Each structure stands twice: as structure tokens, then as C-alpha cells.
Amino acid sequence: MAGLAGLGALVLAGCSTGGGTSGSMANVKTPTTQLVHAWTSDYTSLDPANTLGVDENQEIGVNIYERLLQFKFASGDNGTLNGFGLDVTPQLATSWSVDGPKITFQLRDGVKFYPSGNPMTAEDVRYSLERMVMIPGNGQFQAGVAGLYHANQFKVINPTTIEITTTNPAGTPTAVPVALASFRFQQFGIVDSKVVKSHASPDDPYAAKWMQNNVASTGRYYVDSHQPGQQVVLKAVPNHWSGSEPAFTTVVLRILGGADLVSLMKGGQIDYAAKGLAARQFDQLQSSGFTVLHGQTPNILRADLSMDSGPLSNVALRQAIAYAVPYDDIAKVVFAGRASVATSIVNPQAPQIDPAWAVYQKKDPAKAKQLLADSGTPADFVLDIWYGTGVAYYEDVARLISSSLNAVGIKTKLQPRPPVQLIDLQQGRIHRTTNDMSGMLISDGVIWLDDPDTTIDLWGKSTGDLNWSHYANPDVDKLHAEFRDSGDAAARTAAYKTIQQDMAAAVGAIPVAVEGRTVVTNPHVTGVTYTPDPYARYEYLKPKVST
């Protein structure tokens, strides 16, 4: 239970540290200027250009860096703020104009980096984007979604103006439909070019090693201290360009692994939690008076099948599995009815969605048994079901699927693994460097855009960076390449619907549930934000005013 050793010695200013453990909230008091957020694991990189795909890296990046644009928030229920769709609002840019593939940004005056005090200029923006496209990592991938591939696509017009030209992967200037929306994401954080360049070397021309553990930003918070495996303390940046301080000037990110978060919240030691809790634990906290909120974020629980070898190379067996998955039970039991059954791997809010997987989702055991018989699968076949132990509900999902598959004659074996080990196994299979996994992989992922492009590029393209199933269809690759940046909306929609139909028929991936995102807070905290990415934004959180 990493992180608990030093728990008793910590003084949480402004937050109760009482020892109550059940039944009431007697020890939970109104926070003043400090918020304590429970994390299940530590961050490993602070570099916005390469957050390594780790949620903690990306969550801290949202709060310590700023971007040219940000989400447009609308007020929701219970004091929440919802930032869905493709709309954008200014952050470090005050205005912009779009002329085909050219986007021209006017930058905000008076912005300074912390702690250097250097003023932000168009050169800092240019350099930040250059780093993103030049450093291998998830920033480079996200840049490609926006049509950014090369350093020559960024042109400084004057100290407060920068021109960006988007292209297709071949380098042809092309208006990319999701370019502006992509600028909201943490990989597009703007860095202090003077400071970063001072830490570069011939072996590390973009100071990637230094940036992994240091911050050079304009953001609302900076990293004040870090005790690896225990906690991170964020402090509000003094004299921020916005002219205001966030309500919580100190944010403690407590790294608790598999600790009993229910008891810690009831004891007043945690103010905010999302990961590391199962639905029944959210329900328990809600019944004790804590604020439990659920937002319809488009993260999808999925079960991928290794379709490239062995019995699973037979589509009839894969279809048998799809017909046997207990979709309704998972949505109702594992997620306490907060989730909905997923009918596609594509963001359900995307206008190009096709419910192509709905055919499997009536749970038809008779059909599954017939397909299993038709597949000629050997009687001794055992389906390995892989999942990470870092997500509380994965085992519940795995057990429900296992029980349903056993009932139709498909033997299973659960293969839980610690997250770091599982990532290594996944990467080995995806990149074909090892052959230590086959069967079914349970995972979930957030689709950050109301558009199919990212999803298909990651999972549907034969060379996709998350294509664990090894799904490969030359027709799908061709359609995706041709229409991902097309300005013909009708033809683009038709192409992506065809892709979804082909993928559903092949059953390399099985969408199971649209999870949404559930957050529990101290009842005296308000301002929870919901965006397509699943990350807390501390500047919007504040103590609830008593009435």
C-alpha cells in the first residue's frame, strides 16, 4: 500500500485529519486553501511533449501548463462545469483566424513564465510546437491528429503573432477538421524556450531529460515538492497573468496505491477522488453524505481479441465471444447503472458514429454456442483474459465475462497484472517485439475528440499505436488515409461508418460500455469539471459557500 508510511506525519492545513472510518462525516470539515486529491500512482514525466501516455502525467500537465486554447465550459448540475464538443475559447491566444490550412494566432500580452519571469512570445510558441513534433511520444501523435508533423509548419510573424499551416501526413497543406480542438490538450502546453534551450545538449537537443522532472511554464500551478511514491505538492503561481489566485492555492496529490480510500475520505484526509474506487465504494460514500458526481465523458471499456494467430484467428470464435459478453450486467452491476452499453469503439458523441456492434449486444448464448461449434475450436482451448490491477473494476468485469463465456463452453483463465508490467506486455505485443500475450485484453480509453479520427488511427489502422488485436484491413487503412482530413463532410461520415462496420464484422475489438466519469468529493468542495479527457482541473475547484 504505497504512500501510507508517511501519512500520519503529514499535517494537512485547511483539511480535517480526524480518524473516523465509517458511517458518518463527523471529521470532514470545509477545506480552506488546500485540496487533497487521491492518486493511485505517481507521475513519471512533466514534459508536455511526452507525457508517456500515463494518466498522472497528463493530469498534472493540465494544471501546470497552459495552451493557446482551452475548453469552452458550460454550467452543469451540482456546480459542475462541462466542456464537451469541439468548441474552443482563448487561453494564451486571445484571437485567431483560419484561412484554409493556415491558422494565425494573436497572443496574450503580459504573460510571463514561472519561475524565470521571461515574457512569453511567439518564439516560445513556435519552439514548443517544434519540440512536440520532433520528440517521439504521445505529443508527436497528438500533433499528427492536428495536422502538425514538421518544424517548418510554424512561422513567427512578429513577437505576438504566429502562423501555423496544417498538412496531411504527406506534407500537403490541408485544412484539418479537428486542428483547433486539438490545441486544447495538454501536449500543446507552451514552454519557456530560453530556459529549456539552456538545458539542451548535443545528445539531448530538446532537453527532454531535464523537462521530464522540471517545469518551465505559464500555468496556474508549479510543483513545490515531490516525495516519490508518496505525494506531490502543487502551489499557485504568484502574480499569474490572469490577475487572480485559484481558490485552492495548495493542491496535495496523495499517492495511495491500493489504500482504503473510503476510510481515508471518511477520516477527512482526502477531498477528491476518481480513480481507485469501484461503483459500490462510490455508493457507500454517497450514502455517507459525500458528493458523488457522474459525467457523460466518452471513455469506453473495451475487450480486444488477439485475432492474428491460434483459434482466435477464426472470426466465428471471435463472434461467439462477442455474443456471450454480458453487456447489460457489466453496465448495471460493475458501474451501478451509471454506464451505458457501448455500440461502437468511436466516441458516442461523434456525428460519424455507427452502432455497428449493437448486433452482438443482446447477449445471445444460443448464437454464441452455435458459432463456437461452427468455429471448430479445440475442446482444450483456454482464453486468457488480461487486465491491470490498478483499476478497481477491471477484475469485476473480467469475472463477469469469464462466467458468461464458461456458460457457452469457452474456458477462460484470468491474467491480472500490475499496471507497469501489463504496459510492457502490451507494448511488446503491439510492436511485435515479444509474443507473451494472447487472448482478451480488458482496458478502457478516453476519446478526446467528438470525431472518429483518433480512435481509428490508434486501434483501427493496421499500424496503429494501440492496435493490440493486430486488426489489419487494407481497405480500412485506405479509407482512413483518404478521409481523415477531408472537407467533404458527407463522404467523410460515410467512410468512417464503413470502417466501423468492417471492424465490427471482424470483432478484433469489442466495445463493452461507455463508462462516463465518476468523481467523489468532500461535500464542501464544488467546481468539478468534465471534459473528454478524464483529468481534474484544480483552478476551477473551490470551497462551497455555506447558505
Side-chain angles (χ1 to χ4, degrees), residues 69-74 76 82-89 96 98 100-101 103 141-142 144-147 166 168-169 174-185 295-302 339-361 444-461 464 466 471 473 475-506 509-517 530-534:
L69 304 175
Q70 62 181 330
F71 286 92
K72 183 176 182 179
F73 286 106
N82 299 318
F84 298 118
L86 299 176
D87 291 340
V88 295
T89 56
W96 55 93
V98 180
I103 307 171
F141 169 81
Q142 194 64 50
V145 173
T166 58
N168 63 18
T174 305
V176 175
V178 296
L180 282 175
S182 296
F183 276 86
R184 305 172 301 182
F185 301 132
Q296 297 303 318
T297 54
N299 48 313
I300 295 178
L301 177 71
R302 44 189 294 138
S340 59
V341 173
T343 60
S344 176
I345 63 169
V346 165
N347 185 332
Q349 299 176 32
Q352 301 86 358
I353 190 171
D354 190 287
W357 282 262
V359 64
Y360 304 114
Q361 294 172 338
D444 51 11
V446 175
I447 299 89
W448 290 354
L449 293 165
D450 293 355
D451 188 270
D453 171 51
T454 307
T455 301
I456 302 307
D457 204 72
L458 287 171
W459 286 288
K461 188 172 66 176
L466 295 179
Y471 170 76
N473 184 329
D475 292 335
V476 164
D477 289 349
K478 182 178 179 181
L479 282 172
H480 175 57
E482 182 177 355
F483 287 100
R484 66 180 304 189
D485 297 327
S486 173
D488 186 336
R492 189 172 185 270
T493 295
Y496 277 113
K497 285 179 177 272
T498 296
I499 288 173
Q500 291 167 79
Q501 292 159 13
D502 288 345
M503 293 185 71
I510 303 172
V512 177
V514 182
E515 300 173 19
R517 177 166 159 257
Y530 284 102
T531 52
D533 62 25

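Just so you know, residue 1 is the first one in the sequence shown, and it goes up from there. These numbers were taken from a predicted model, which means no experiment stands behind them.
- Across Gly460 and Val476, no two heavy atoms sit closer than the pair O-CG1, 3.9 Å.
- The pair Asp453-Arg492 does not meet the salt-bridge criterion, since no charged nitrogen lies less than 4.0 angstrom from a carboxylate oxygen.
- Contact annotation: the side chain of Pro169 approaches that of Asp485 to within less than 4.5 Å [non-hydrogen atoms, C-beta and beyond].
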Go through Leu449 and Arg184 one step at a time and tell me if the side-chain contact (heavy atoms from CB on, under 4.5 Å) criterion holds. CA-CA 10 Å; Leu449 293 165; Arg184 305 172 301 182; 3.9 Å; yes
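- Here the OG1-CG distance, from Thr343 to Asp354, works out to 8.0 Å after rounding to the nearest 0.5 Å.
- Closest approach of Ala179 to Ile103, counting heavy atoms only: CB-CD1, 4.2 Å.
- A donor-acceptor pair under 3.5 Å is absent between the side-chain atoms of Lys72 and the main chain of Gly83, judged by distance alone.
- Between the CG atom in Asp457 and the CG atom in Leu466 there is a gap of 10.0 Å [rounded to 0.5 Å].
- For Phe73, the ring pair (Phe, Tyr, Trp, His ring centres under 6.0 Å) partners two or more places apart in sequence, or in a different chain, are Tyr540.
- Side chain of Gln361 to backbone of Pro511: a donor-acceptor contact under 3.5 angstrom is found.
- The distance from atom CG of Leu479 to atom CD1 of Ile456, rounded to the nearest 0.5 Å, is 10.5 Å.
- Shown here for Thr89 and Trp96, the closest heavy-atom pair between the two residues is C-CH2, 4.1 Å.
- Residue pairs meeting the ring-ring contact (aromatic ring centres under 6.0 Å, His included) criterion with at least one member in residues 340-361, sequence neighbours excluded, are Tyr323-Tyr360.
- Listed here is the closest heavy atom pair of Gln352 and Asp450: OE1-O, 4.2 Å.
- Contact check for Val88 versus Phe183: no side-chain heavy atoms found under the 4.5 Å cut-off.
- To the nearest 0.5 Å, atom CG of residue Asn168 and atom CD of residue Glu482 are 12.0 Å apart.
- Scanning both residues, Asn473 and Asp475, for their nearest heavy atoms gives OD1-N, 2.9 Å.
- Looking at every heavy atom in both residues, Ala350 comes nearest to Asp451 through CB-N, 3.6 Å.
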When you look at Asp533 and Phe71, which way does the side-chain contact (heavy atoms from CB on, under 4.5 Å) test go after all the steps? CA-CA 11 Å; Asp533 62 25; Phe71 286 92; 4.0 Å; yes
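- In terms of modelled atom types and a separation under 3.5 Å, the side chain of Thr297 and the main chain of Arg517 share a donor-acceptor contact.
- For the atom pair Trp459 CH2 and Tyr471 OH, the distance stands at 15.0 Å (nearest 0.5 Å).
- Aromatic ring pairs are classed by plane angle as parallel below 30°, tilted from 30° to 60° and perpendicular above 60°; the pair Phe185 and Trp448 is tilted.
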Test side chain to side chain donor-acceptor pair (under 3.5 Å) applied to Ser486 and Asp488, step by step: CA-CA 5 Å; Ser486 173; Asp488 186 336; 5.5 Å; no
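- With sequence neighbours left out, Asp444 forms a side chain to side chain contact (heavy atoms under 4.5 Å, CB included) with Leu301, Tyr393, Tyr394, Glu515.
- Looking only at distances, a side-chain donor or acceptor of Thr166 sits under 3.5 Å from a matching main-chain atom of Pro101.
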